[in-house]
Amino acid sequence: MSQALLDRPVYGPRDPEAFLAEMNRLTRFHQTHCPDYLRVFPDIVPARQIEDLPYLHVSAFKHVPFRTQDGTITHERVLNSSATSSAQASQIALDQQSSALQAQSSQAILSDFIGAESRPLLILDDKAALVQRGTVSARIAAGLALRPFASRIAFALGSQAADAPVLWDRVAVSLEGQDSLLIYGFTWVLWRLWAGGDMPPNLARRLSEVQVTYVHSGGWKKLEADRVSAEDFNARLLGLAGPGSQVIDYYGLVEQNGVVFPQCAAGWRHVPVWADVLGRDPHTHRIVEDAPAQLQLMNVTPRGAPYHTVLTEDLGEVQQGPCTCGRSGRRFKLLGRLPKAETRGCANV
């Protein structure tokens, strides 16, 4: 059923009954094959409504190594969230079947915003982070979500340090003979190291002739001291690029790997038909719409661990219906973090 849902148009008509049936099936599957999940939810009955589905809080993945194993699942690596103020990362067990579905999901969502054109991909990160045995960081995973759109890939940082040098020679190679380029970076990396970096003048002139699609995630927390607005951020990046360039800001969590929420021109983040987003009152957990609420994210792709429905520490406003951008269905805006919620490196706002 998951594959059938992913084969539908990304933001087309929803089939709520099919989605609920698949989420109930997944919940039962994890209850049967993940002992840690069974200990949390020993008496689950099928939900009659989406809002009745059980959910784990994101912090649970910092403390419990949830793994679902039924004899057919092959776990490959562990996806780690970026550093948090507690220095304890969420850990999500990745498996082959889920990874294939999640790659299809990310590609379908992103292509709706950036098109399917193949072009060089420049990732503002250090390639060395790829070789950590058995694990992958959120920063690297977010950049590699764009791999299906890449004619070739280059990594443009000399390290993952906050003051890492940009390897401008690699940028120059990526630009050779190109009229379009795809660039991914964490929000603060694009601002401080790329837009605020010491780009060679000849490279700046060349970049001003190229149509660049910037894609960024990771939130704005590290830019608060710089008082950077989204308008300033976009203007600075677009001022370095050629005509027709664009900036795409997307939100995602490692605890919802494979589903990302790019911001549309009207400022909303739209929910694909194989996922859903609910708003809950932070105190009562009752469903809230058209007002600030704690966000619950869910999707049908996880097999190797029970992160199919997760309560986040993010605040948002959820609405339903058509948007002026032309997409329909559930959509939301990010409003910030819950009071006293710890700072997240991978999806803070």
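Keep in mind it's a predicted model, so treat the numbers as computed, not measured.
At distances below 3.5 Å, not a single donor-acceptor pair connects side-chain atoms of S245 with backbone N or O atoms of A241. With R119 contributing its side chain and E117 its backbone, the two residues share a donor-acceptor pair below 3.5 Å. Looking at S106, its side chain never comes within 3.5 Å of a backbone N or O of A103 through a donor-acceptor pair. In terms of modelled atom types and a separation under 3.5 Å, the side chain of S99 and the main chain of Q96 share no donor-acceptor contact. Proximity of a side-chain donor or acceptor of R269 to a complementary backbone N or O of K333 within less than 3.5 Å is not detected. Using modelled atom types, no side-chain atom of Q31 and backbone atom of Y37 make a donor-acceptor pair closer than 3.5 Å. Between the side chain of H57 and the backbone N or O of V310 there is no donor-acceptor pair closer than 3.5 Å. At least one donor-acceptor pair under 3.5 Å links the side chain of R8 to the backbone N or O of P13. Formation of a donor-acceptor pair under 3.5 Å by the K62 side chain with backbone atoms of Q88 is found in this model.
Between the side chains of E255 and S90, at least one donor-acceptor pair of N or O atoms lies under 3.5 Å. Looking only at atom types and distance, the side chain of Q160 has a donor-acceptor partner in the side chain of D125 under 3.5 Å away. A donor and an acceptor atom, one from each side chain of T301 and Q102, are located under 3.5 Å apart. At a cut-off of 3.5 Å, with distance as the only test, no side-chain donor of D281 or Q294 sits close to an acceptor on the other residue. Under the 3.5 Å distance criterion, with hydrogens and angles disregarded, a donor-acceptor pair is assigned to the side chains of Q319 and R331. In this structure, a donor-acceptor pair under 3.5 Å is absent between the side chains of Q296 and T312. Donor-acceptor pairing under 3.5 Å is recorded for the side chains of Y251 and D314.
The nearest pair of heavy atoms linking A195 to L237 is CB-CD2, 4.0 Å. Taking both residues in full, the closest heavy atoms of L295 and V277 are given as CD2-CG1, 4.0 Å, listed atom of the first, atom of the second, then distance. Of all the heavy atoms in S180 and P120, the pair that sits closest is O-CD, 3.7 Å.
A distance of 14.0 Å separates CE in M23 from CZ in F29, rounded to the nearest 0.5 Å. Here the straight-line distance linking atom CG of D276 with atom OG1 of T309 works out to 9.0 Å at 0.5 Å rounding. To the nearest 0.5 Å, the span separating CG on L334 from CG on L315 amounts to 9.5 Å. Summarising the geometry, atom CG belonging to D249 is positioned 8.0 Å from atom OG belonging to S217; distances are rounded to the nearest 0.5 Å. Here CZ of F149 is found 10.5 Å from OG1 of T213. Values are rounded to the nearest 0.5 Å. With values rounded to the nearest 0.5 angstrom, Q178 atom CD is found 11.5 Å from L122 atom CG.
With H30 as reference, L26 is the one residue of T27, L26, T32 to meet the side-chain contact (heavy atoms from CB on, under 4.5 Å) rule.
Ring centroids of H216 and F233 are separated by less than 6.0 Å, placing the two rings close together. The aromatic ring centres of F61 and F66 sit less than 6.0 Å apart. The aromatic ring centres of W188 and W194 sit 6.0 Å or more apart.
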Before you tell me yes or no, could you show the steps for Q256 and N299 under side chain to side chain donor-acceptor pair (under 3.5 Å), namely the whole-Å CA-CA distance, both residues' side-chain angles and the distance that decides it to 0.1 Å? CA-CA 7 Å; Q256 283 283 287; N299 79 85; 3.0 Å; yes
Does F332 form a side chain to side chain contact (heavy atoms under 4.5 Å, CB included) with V271? I'd like the steps, not just the answer. CA-CA 8 Å; F332 66 99; V271 184; 4.3 Å; yes
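Contact check for N257 versus L94: side-chain heavy atoms found under the 4.5 Å cut-off. Looking at heavy atoms from C-beta onward, I50 lies out of side-chain contact with P16 at the 4.5 angstrom threshold. Two residues are said to be in side-chain contact when any heavy atoms from C-beta on lie closer than 4.5 Å; E51 and R280 meet this criterion. Between V260 and L110 there is a side-chain heavy-atom pair separated by less than 4.5 Å. The shortest distance between side-chain heavy atoms of V58 and E313 falls below 4.5 Å. Side-chain contact between L175 and L207 is present, with heavy atoms from C-beta onward closer than 4.5 Å. Looking only at side-chain heavy atoms (C-beta outward), L182 and V215 come within less than 4.5 Å of each other. Here the side chains of L311 and L56 are not in contact, with every heavy-atom distance at 4.5 Å or above.
In this structure, R330 pairs ionically with E289, as a charged nitrogen and a carboxylate oxygen lie closer than 4.0 Å. Under the 4.0 Å criterion applied to side-chain N and carboxylate O atoms, D95 and R77 are not assigned as salt-bridge partners. Taking the charged nitrogens against the carboxylate oxygens, R303 and D70 have no contact shorter than 4.0 Å, which rules out a salt bridge. Ionic pairing of D226 and R192 is present here: one or more N-O contacts between side-chain nitrogen and carboxylate oxygen are shorter than 4.0 angstrom.
Hydrophobic clustering (side-chain heavy atoms under 4.5 Å, transitive across Ile, Leu, Val, Met, Phe, Trp, Tyr) groups W168 together with V210. Residues V189 and V166 share a hydrophobic cluster, clusters being chains of Ile/Leu/Val/Met/Phe/Trp/Tyr side chains in contact below 4.5 Å. Note on W268: it does not cluster hydrophobically with L278, by side-chain heavy-atom contacts below 4.5 Å among ILVMFWY residues. Taken together through direct or relayed side-chain contacts under 4.5 Å among Ile, Leu, Val, Met, Phe, Trp and Tyr, Y307 and L20 form part of one hydrophobic cluster. Placement of Y55 and V318 in two distinct hydrophobic clusters is found when ILVMFWY residues are connected by side-chain heavy-atom separations under 4.5 Å, directly or transitively.
Within 6.0 Å of the CG atom in D198, the count of heavy atoms belonging to other residues, nucleotides or ligands does not exceed 12. Atom CZ of R152 has more than 12 heavy atoms from other residues, nucleotides or ligands within 6.0 Å. When the shell of 6.0 Å around NE2 of H63 is examined, it contains more than 12 heavy atoms from other residues, nucleotides or ligands.
In this structure, R170 fails the cation-pi test against F155, since its NZ or CZ atom is not both closer than 6.0 Å to the six-membered ring centre and inside 45 degrees of the ring normal. For the pair R327 and F113, the cation-pi criterion (under 6.0 Å, within 45° of the ring axis) is fulfilled. Remark: R236 qualifies as a cation-pi partner of W191 under the 6.0 Å distance and 45° angle criteria applied to the six-membered ring.
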